[in-house]
Every structure is written in structure tokens, then in C-alpha cells.
Amino acid sequence: MPKVHITTDNMTVDVEDGYKMIDMCDEYDTSILFGCRDGACGACMVQVDKGHENLSPMEEDEKDFLETMNAHENERLACQCQVHGDITLTVSE
């Protein structure tokens, strides 16, 4: 069972393989914020510190949006990610 560690919240959550990160944040009290919930606002941007390869592949829409936001290579939109293994992340500022 994959573990999601949110450094910002000092929280670790066990999730099923393929679990949507947005669903995890709805179920648990995290500091990851959501606005539009469909990858168009950037409110849920997170920095993936470890386990980037354990997230679902980035789709073109997310990639294009992150480029317009000048995001770092290890940043993702939580609303667009599914978890497939252990990850450690920090909420982007």
C-alpha cells in the first residue's frame, strides 16, 4: 500500500494504488488547497521531494499549464495525480 508523506503537514497517509490525490485531500485534512479542481488554477501545486516516478504520468494539459506557471521540474498539480507508490511532497508556495 503506497504511503503519501506531506512534509508541510507532518502527515503520512496510506492509500490504495491508483488513488487520486485530490480524493486523499478530500478525505484527510491537508494543507493542499484546491480551486478549480481540474488543473487550470494552480492552487494545488505541490513539490514532489521523493517518489516522482510513483505518480501518474503528466498529461499535456498539466505540462502546458505548469510551463506557463514557470513551475520547477519536480512540481505537479495534485488534482491531476494518481499515486502508484510512496511519495514525499511539500505544498508549493
Is any side-chain heavy atom of [Y] closer than 4.5 Å to one of [X]?
X: Arg76; Y: Glu62; answer: yes
X: Glu60; Y: Lys63; answer: yes
X: Met11; Y: Val13; answer: yes
X: Leu89; Y: Val4; answer: yes
X: Gln82; Y: Tyr19; answer: no
X: Ile87; Y: Met21; answer: yes
X: Thr7; Y: His5; answer: yes

Problem set entry | Glu75 side chain to His72 backbone, donor-acceptor under 3.5 Å | yes
Seminar exercise, completed: Closest non-hydrogen atoms of Cys79 and Cys44, given as atom of the first, atom of the second and distance, are N-SG, 3.4 Å
Problem set entry | Heavy-atom pair of closest approach, residues Ala43 and Gly35 | CB-N, 3.8 Å
Exercise. When you look at CD of Glu73, are more than 12 heavy atoms from neighbouring residues, nucleotides or ligands closer to it than 6.0 Å?
Worked result: no
Exercise. Is the count of non-hydrogen atoms from other residues, nucleotides or ligands lying under 6.0 Å from Glu16 atom CD greater than 12?
Worked result: no
Please determine whether residues [X] and [Y] belong to a single hydrophobic cluster, defined as Ile, Leu, Val, Met, Phe, Trp and Tyr linked transitively by side-chain heavy-atom distances below 4.5 Å.
X: Met58; Y: Met69; answer: yes
X: Ile32; Y: Leu55; answer: yes
X: Ile22; Y: Phe65; answer: no
X: Phe34; Y: Val83; answer: yes

Exercise. Between Lys3 and Asp14, is there a salt bridge with N-O shorter than 4.0 Å?
Worked result: yes
Exercise. Is it true that Asp26 and Arg37 have a side-chain N and a carboxylate O under 4.0 angstrom from each other?
Worked result: yes
Check: [X]/[Y] side-chain N/O donor and acceptor closer than 3.5 Å:
X: Thr30; Y: Asp9; result: no
X: Gln47; Y: Ser92; result: no
X: Asp17; Y: His84; result: yes

Exercise. After noting the C-alpha distance and the side-chain angles of Asp49 and Thr90, does the key distance pass the side-chain hydrogen bond (donor to acceptor under 3.5 Å, both in side chains) rule?
Worked result: CA-CA 7 Å; Asp49 301 316; Thr90 306; 2.6 Å; yes
Seminar exercise, completed: One should read off an interatomic distance between Leu33 CG and Met45 CE, to the nearest 0.5 angstrom, of 12.5 Å
Exercise. In Å, rounded to the nearest 0.5 Å, how long is the span from OG1 of Thr88 to CG of Asp86?
Worked result: 7.5 Å
